[in-house]
Structures are given as structure tokens and as C-alpha cells.
Asks: 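Structure provided below as C-alpha cells; questions to follow.
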Amino acid sequence: MTSSTWNVYLTPATLAEALDLLAEYGDDARIIAGGTDLLLELARGVRSQRVLIDIARIPDLATVRLDNDGWLHLGPLVTHNQIVTSPLAVHHAFPLARACWEVGAPQIRNRGTVAGNVITASPANDTITPLWALDATMTLVSHRGPRTLTCAQFFQGVRRTALAPDEFLLDIAFPALTAQASGAFLKLGLRRAQAISLVNVAVVLHWDGNQVRQAAIALGAVAPTILRVTEAEQALVGSTLDAAAIQHAASLAAAASRPIDDVRASADYRRVMVEVLTRRALSVLHTRRERDGWPATPVTLGSDAAQNSAAAPTVSAGFTTASPVHFTLNGQPVSVHHATGKTLLDVLRAPAADGGVHLTGAKEGCAEGECGACTVLLNGAAVMSCLVPAPAAAGCTVTTVEGLAGRDGQTEAPHTLHAVQQAFVTAGAVQCGYCTPGLLMSATRLLAENPAPNRSAIEQALVGNLCRCTGYAKIVEAILSVSKQSQPS
């Protein structure tokens, strides 16, 4: 998935530098953090910016913090996996944490940011719905100064926001949920994972004993922007969430929705599902079961949950079509040329004559972050290389399937198979073979994260790596066999 639209890639080291660049380039520039949405938009012609300004190397932007006034703040580099693993977020903003857990696959959650979801402004984006229910605000900065907007002020339609060309989303903030509050997020997709929402619902309730003191219900994917259902919210105030109150609120939510017919679902179906999901969300909050199924140790496949390029040098840099990109590949320093406008997958697979390194182990299956065939490790974290701009790897370490040999901790022989590779061979865990390199990378990262995973953890890890053909049972057994070998007798 190569996009030739962007041909300048800038990596400012400070917020001031980023604002200077935005002021200089205006409409011709776009901020990029993880890039999991933006690269697809550029490739599909949704956006046409020539200049990408990568903020991943600016310090202190990947923080989740609670201030003295009880507000939770998310920096613009906070990833979905960082929310999932943040005690502050899970405790004080559980609907958002649940939504982040529902986004894509671990590889996407390692790079994709909450701020990026917000900027993309699709009404089907999972994290926007809980932010709306949590009464979040967005603080934008530019040379003209800061301004803080509510969700209703910021989101202006399908993929339209109030963000000006010279502005930067610096902070997302909302009142942290207290012990007297609870919240839930539910999503309906065409499959159980890696699915765009047909409908999603976020509910936040503030309690006075067993009675609802205040309610917020937000609906996603059923209108040009997220809907707050004020009639249903007001109807819940003073109730104890008995069956009649729950059904009444769910009916009001369905009546307020404005869904459309498209290839994924009809408007009538979506309207019915709004009622169903709202009823379910209120029911689990009534019985305090909103955290059922939440993993005690979520699988991230990340060296840490923060932005993967954080280990790269924090220095200003700029890349044009002629600039080389230097990084460490499978333990060896490499330089690639003509990398702007290309993804990391592009330069990994391209012949040397075309400026690449000609390692063809990582495969291009979908070019949109769904099949996992292109999975590599970037600074130790699993990512989809089809959604990583090649210049983002500058100063980083990259490991591909070709680099696994001799990396199992048992031998340094360069041609010895990694234990996971050998287990796949022994079990015949190959499916058609196209996804196998990505499966190996995710399995290797999982075992580094959790040397003794159970089947549930393996399924969490592989959700982004299967093209849903045969051989799944053998893959799981192969990974389990390696974990058993690593345990003491």
C-alpha cells in the first residue's frame, strides 16, 4: 500500500517546533502519531496532504494523568493499549478502556492513538462514544493560543471537526469516574473482533445509593456524529434501574437514533440493535457486571503500551524523497533511500535497486491492518508494517521473521530456528502459509510477554493474524507446546 501523496516527513522534537511547522505548511500538512487511520486515508484519496508531521518523538505527550481537580488527561500520543493497561484509565474511565480493548488487533492498538481516533471523527470509531458519555473536552493549541471545546463543539459531521489547519490536539480531558459512578461500553460488529461498529453504546451512571442521580447515554454509528440521548438520560434520573425503567430508556434511545442503510446493515436493524445494546448496558450496570470478561492481564504484544518510536532519538529531522532512513534491522544497521511516501512494509520488501532491503518474509495481505501477515516488531512491539510510515522507523530497531533464528535464548547460531518456528514445523501449523510469518512474530512477542499463556491469551494475541482458513487448532497447540517447554518440570 504505497501512497505517493506525501513526500515530506518531518519529526519535530518539541511542541513549539510542531506548531511552527503547522503554521508554515497549513492545509498541506497533517499531524501523524500512530498513522493507522491517516495512512489509509492518504492511500484512498480521502486526504491529500503532502507533508506529514510526526509528533511521536516529542517528550511527555504519551501520559495518562489525574489532576488535583479529579480530571483525567490523555496526551495525544496515548495509544489504545496504553489505556487498556493504565490503572488510572481502567479504574476511572472503564467505558473508554473497554472501547480501546475493542479496537482492531494488538498490533493496531500498539500504534493507534485515542487522539487519532478523535481526529479521524468517524461516527463508528469506538473511543469517541465513551468520550462523549464522559463529557470529554478537547484542548487545541496553535500560535493563536489554546482553546478548549466540548465534544458537541469539536465534532461537526462525518470525518469533520473544528480543528483548524494550524492547530494541534494537545489534551483530551474529562471528569474521572468516582466510586459513586459506573460505566459500560458495548459494541456490535459483523464478527467478534477486528470489526467496525454497526452500533456502539456507552452509558455512564452516577449513583445516589441505589438510585440514578445522573445519566449519560451516547450512541455511535447511528448518526453523522455521536448522539447523546437526553430524553433517555432524563428518564433514568431517580430510578433504581428496574426492568420498566431500563426498557423505557432503551426505547427512547432507539427512537432518537438516525441510522442509515449501507452494505453492512440496514437502518431498521441498527435501530433495533440500539435498543438491545442500551438495554444490555443498563442491565449490566444495574447488576454491577460491567467488568465481566475484562482480562486480568490484557495481551498487548508490546514492549510497553506507549508509542513504539519512543526509544528513537528525540531530535528534529526531516525526510524528503532523497533522504536516507537509518535503522537497525534484525540486529544490523541499514539505510534505505526514497522512503517517503512508502510504508515500512514497502521498504522491507522492495529490492535494493528500488531503495529497499529485499526481505520478503513479511507479506502484504490486506494493506489495511486486518490480516496481520505483515506483522514485525518495532522497538520490540508487534505492529502492522503496512500501516507504519517508513521514516517512522528512523533510529528504531526492527525485527522481521528472518531475524527470529537464533533468538530463542538457547542458541546464537544464525540459522537455528526459533523455538516457535520449530514448533510450527513440528505441528504442521501453517494454514496456507501466507499469514505464517505474521503469526510467528505475534506468537514470539506473546511468549516474551507471557511465557505461559493459556488458550484465551493466545486467542487475544492472534486475533489480528488469522485469515480464518484452516489450521487454527494446530497453531494454538504449537504455541502451547513452546510455553510448556519453557516451564520447569
Side-chain angles (χ1 to χ4, degrees), residues 79-87 90 101 104-111 193 293-306 308 310-311 328 330-331 361-362 372 375-384 396-431 435-466 471-489:
T79 64
H80 301 300
N81 265 348
Q82 190 174 352
I83 293 293
V84 166
T85 58
S86 164
V90 173
W101 180 241
Q107 299 96 315
I108 298 297
R109 297 194 291 269
N110 275 334
R111 281 194 62 81
W294 183 253
T297 307
V299 172
T300 67
L301 302 187
S303 53
D304 58 49
N308 295 313
T328 300
N330 297 331
T375 298
V376 301
L377 303 185
L378 179 63
N379 286 342
V383 301
M384 305 283 196
C396 299
T397 62
V398 177
T399 305
T400 69
V401 68
E402 292 92 342
L404 289 185
R407 290 177 179 269
D408 60 0
Q410 300 172 12
T411 177
E412 292 301 319
H415 300 296
T416 302
L417 291 180
H418 188 284
V420 177
Q421 291 173 310
Q422 185 59 59
F424 271 50
V425 172
T426 302
V430 295
Q431 301 199 83
C435 290
T436 302
L439 284 163
L440 289 168
M441 300 309 296
S442 292
T444 303
R445 181 56 235 170
L446 169 65
L447 291 168
E449 184 176 325
N450 178 2
N454 56 23
R455 289 180 182 270
S456 175
I458 293 172
E459 290 170 0
Q460 292 173 34
L462 300 186
V463 70
N465 282 92
L466 292 174
Y472 179 69
K474 291 183 178 180
I475 292 168
V476 174
E477 290 304 322
I479 298 170
L480 284 172
S481 73
V482 178
S483 69
K484 291 174 183 175
Q485 293 170 18
S486 67
Q487 301 307 304
S489 300

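Note: hydrogens, waters and symmetry copies are ignored here, and every other heavy atom, side chains too, is used.
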Asks: Please give me the minimum heavy-atom distance between Val376 and Ala362, naming the atom from each residue.
Replies: CG1-CB, 4.2 Å
Asks: Has the side chain of Arg111 got a donor or acceptor atom that lies under 3.5 Å from a matching backbone atom of Val383?
Replies: no
Asks: Please find the pair of heavy atoms, one from Thr300 and one from Asn110, that lie closest to each other, and give the distance.
Replies: O-ND2, 3.0 Å
Asks: So Val90 and Trp101, do their side chains get closer than 4.5 Å, heavy atoms only?
Replies: no
Asks: Return the minimal non-hydrogen interatomic distance between Ala423 and Val482, and the atom names on each side.
Replies: CB-CG2, 3.4 Å
Asks: With sequence neighbours excluded, what pairs up with Glu459 under the side chain to side chain donor-acceptor pair (under 3.5 Å) test?
Replies: none
Asks: Are the side chains of Val398 and Leu377 in touch, meaning some heavy atoms are under 4.5 Å apart?
Replies: no
Asks: Considering non-hydrogen atoms only, spot the tightest contact between Gln107 and Asn465 and give its length.
Replies: NE2-OD1, 2.8 Å
Asks: Are Gln421 and Val401 side-chain neighbours, meaning at least one heavy-atom pair lies under 4.5 Å?
Replies: yes
Asks: What is the distance from atom CZ of Arg455 to atom CD1 of Ile479, rounded to the nearest 0.5 Å?
Replies: 10.5 Å
Asks: Evaluate the side chain to side chain contact (heavy atoms under 4.5 Å, CB included) criterion for residues Phe424 and Lys474: first the C-alpha distance (whole Å), next the side-chain angles of each, then the deciding distance (0.1 Å), finally the verdict.
Replies: CA-CA 8 Å; Phe424 271 50; Lys474 291 183 178 180; over 6 Å; no
Asks: The test is side chain to side chain contact (heavy atoms under 4.5 Å, CB included); show your working for Gln422 and Val425 and say whether it passes.
Replies: CA-CA 5 Å; Gln422 185 59 59; Val425 172; 4.1 Å; yes
Asks: Kindly give the heavy-atom pair with the smallest separation between Glu449 and Leu301, and that separation in Å.
Replies: OE1-N, 2.6 Å
Asks: Please list, chain by chain and in numerical order, all residues satisfying side chain to side chain donor-acceptor pair (under 3.5 Å) with Ser86, sequence neighbours excluded.
Replies: none
Asks: Output yes when a side-chain donor or acceptor of Glu477 lies under 3.5 Å from a complementary backbone atom of Ala427, and no otherwise.
Replies: no
Asks: How close do Ser483 and Pro451 get, counting heavy atoms only, and between which atoms?
Replies: CB-O, 3.2 Å
Asks: In chain order, what residues pass the side chain to side chain contact (heavy atoms under 4.5 Å, CB included) check against Ala457, with sequence neighbours excluded?
Replies: Val299, Asn450, Pro453, Asn454
Asks: Donor-acceptor pair, distance only, cut-off 3.5 Å: does the side chain of Thr375 make one with the backbone of Gly372?
Replies: yes
Asks: To the nearest 0.5 angstrom, please state how far the CG atom of Leu404 sits from the OG1 atom of Thr444.
Replies: 4.5 Å
Asks: Please report the interatomic distance CG(Leu439) to CG(Leu446), rounded to the nearest 0.5 Å.
Replies: 11.5 Å
Asks: Without swapping roles, check the side chain of Ser303 against the backbone of Asn379 for a donor-acceptor pair under 3.5 Å.
Replies: yes
Asks: Is a donor on one side and an acceptor on the other found under 3.5 Å between the side chain of Arg445 and the backbone of Gly380?
Replies: yes
Asks: Under the side chain to side chain contact (heavy atoms under 4.5 Å, CB included) rule, what do Gln460 and Ser456 come out as? Steps first, then yes or no, please.
Replies: CA-CA 6 Å; Gln460 292 173 34; Ser456 175; 3.4 Å; yes
Asks: Would you say Leu462 and Ile475 make side-chain contact, with heavy atoms under 4.5 Å?
Replies: yes
Asks: Examine distances only and state if a side-chain atom of Thr79 and a backbone atom of Gln82 form a donor-acceptor pair shorter than 3.5 Å.
Replies: yes
